[in-house]
Amino acid sequence: MPPTLASLVQHSSLRLVVRAGEDRLDTPVRWAHVSELADPVPYMEGGELLLTTGLTLDAEDGEAMRRYVRRLLGAGVVGLGFAVGVNYDDIPDALLDAARAEHLPLLEVPRRTPFLAISKAVSAAIAADQYRAVTAGFEAQRELTRAALAEGPDAVVARLAAHVDGWAALYDASGAVVTVSPDWAARRAARLTPDVERLRERPAPASAVVGGTDDRVELQSLGTGRRVRGALAVGTGAPLGTAERYAVHSAIALLTLTTERSRSLQAAEHRLGAAVVRMMLAGQSEHARTVAGDVYGGLLDAPFRLLVAEPAAGGEKSPGEPPLPVLAEALEAAAARAGEAVLTVPEGDRRLVVLAGDGGAVVAACAGYAEREADDAGVVVGLSASAGPATAAAAYKQAEQALSVARRRGRALVEHEDLAAGSVLPLLADDAVRAFADGLLRALREHDATGRGDLVASLRAWLSRHGQWDAAAADLGVHRHTLRYRMRRVEEILGRSLDDPDVRMELWLALKATGEGEG
């Protein structure tokens with residue numbers, strides 16, 4: 001700890017005597033400064049022990065000494081050392097009374113003790129304290145490094161909390177708590193998630209101080225690039241000292257190394273993942289499993305889902321921040337928290353392919369991400385049904401189909417299973433489909449407009465009754481021979497045979513797409 005007035009009084013060679021302010025001797029001393037000015041305040045920074053012989057002081061004037069003492073206290077001076085036997089044989093009563101009244105520590109300095117000796121003692125004590133802090137910081141750095149190499153981020157956070165005599169928490173890129181120490185601080189750390197999210201919006205490195213009722217929390221971003229990869233929270237009862245600051249800085253460096261992979265390693269993993277996906281899509285599932293090895297092999301041993309994501313129209317979350325990397329980080333963070341494997345394959349800035357375990361945390365995180373961003377989605381996502389390596393190609397096509405539907409419907413995420421369980425009719429709500437339907441039915445509408453028949457309504461009734469003449473004619477209120485005549489006219493005008501099931505299907509879908517299939 002830094003020198004205090006008490007430690008200087010206890011310094012045997014200085015022979016200082018306390019004459020006032022005995023209750024404030026535990027105050028730290030930042031420096032010892034000699035001044036004979038009547039007003040030395042403009043030259044004070046706070047924390048000094050002021051040394052004087054009273055040469056220019058009106059030391060026997062009570063009112064002058066009260067003003068002098070108050071100005072010293074106002075400037076942050078922690079003590080006054082008054083040399084006796086130089087200009088005054090003893091400390092003047094006026095100065096002594098003022099110091100006692102204002103509780104300013106007043107030290108009597110004997111003539112045989114030069115001010116230089118006091119300055120040297122303070123300087124030596126400060127240097128020794130700094131050396132102890134640096135040594136303790138280096139020791140903390142070594143201990144944290146050993147913890148990082150042997151046990152990982154959890155151990156680093158635990159050791160850091162012990163070094164700062166407080167608590168520490170590690171957050172991932174999404175702002176979720178990864179680990180916290182001690183355990184009692186978990187709820188406190190969770191309440192800081194909004195502050196961590198605000199920190200993520202600033203370019204790394206970034207920091208913030210959050211004041212609580214019981215502690216002071218420093219938030220530090222983790223990451224070497226522009227985007228924050230995580231955050232570290234350190235809660236203490238008081239501002240960090242030098243040794244504690246060394247420990248925090250060491251922890252930041254170590255956690256950055258453990259949470260942010262090098263670009264070359266990340267690029268290599270992406271190339272490996274891309275190769276695995278290409279092999280599965282080409283039907284080479286066994287080769288894919290061999291290439292995946294221990295990195296992704298376990299992911300291929302259980303049912304998985306393929307996810308295809310693309311940026312939504314105008315879907316950047318903020319200027320310069322492409323949405324696909326943000327989604328990839330959120331999914332990788334969810335996988336890390338759940339201890340799952342995930343395979344992410346960026347295809348430039350336009351597409352992201354993800355292979356994740358069916359029913360796992362990554363699929364749930366993707367659904368949650370889409371739900372949160374439904375009103376301002378930066379991405380559009382298509383999700384396949386459950387699949388295995390042998391059916392990866394079909395799963396990829398399913399994901400693309402779901403992605404296409406998501407774009408048309410203006411939704412952030414669509415699952416292929418929802419399409420299979422629903423109706424095909426909503427898919428007809430497409431400009432290209434409606435244009436095709438209008439073109440197919442235009443000639444029949446033009447015929448009906450001349451008043452020579454009701455071919456569109458007759459066609460609708462006949463198709464809805466699956467070609468049953470009597471039932472369809474009854475619906476229309478005409479004779480079945482009249483209906484037969486109308487259907488021959490439909491064939492003549494369209495140049496197509498109603499005996500062809502494909503023609504009947506196209507005509508029915510056209511009626512549905514234009515709303516003429518109702519009724």
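Residue numbers run from 1 in the order of the sequence given. Values reported hereafter were calculated over all heavy atoms of this structure, with side chains retained and with hydrogens, waters and symmetry mates removed.
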Problem set entry | Identified side-chain contact (heavy atoms from CB on, under 4.5 Å) counterpart of Leu222 within the set Leu255, Asp172, Leu254 |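 Per the side-chain contact (heavy atoms from CB on, under 4.5 Å) rule, the option paired with Leu222 is Leu255, out of Leu255, Asp172, Leu254.
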Are the side chain of [X] and the backbone of [Y] linked by a donor-acceptor contact shorter than 3.5 Å?
{"X": "Arg504", "Y": "Asp499", "answer": "yes"}
{"X": "Glu506", "Y": "Val503", "answer": "no"}
{"X": "Thr256", "Y": "Ile252", "answer": "yes"}
{"X": "Tyr396", "Y": "Val277", "answer": "no"}
{"X": "Glu218", "Y": "Gly235", "answer": "no"}

Exercise. Taking the side chain as C-beta and beyond, is there a heavy-atom pair between Pro389 and Phe304 under 4.5 Å?
Worked result: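 A side-chain contact exists here, since the closest heavy-atom pair is under 4.5 Å.
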Problem set entry | pair Val248-Leu240: side-chain heavy atoms closer than 4.5 Å |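 Answer yes - side chains close enough.
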Exercise. Can you name the closest pair of heavy atoms from Gly166 and Pro182 and give their distance?
Worked result: O-CD, 3.6 Å
Problem set entry | Donor-acceptor side-chain pairing of His416 and Gln401 below 3.5 angstrom | yes
For this session: Run the salt-bridge test on Arg132 and Asp129 with the 4.0 Å N-O cut-off and return the result as yes or no.
Result: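 Salt bridge present between Arg132 and Asp129.
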Exercise. Is the shortest distance from a Lys or Arg side-chain nitrogen in Arg488 or Glu491 to a carboxylate oxygen in the other one below 4.0 Å?
Worked result: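 Looking at Glu491 together with Arg488, the answer is no, because their closest N to O distance does not fall below 4.0 Å.
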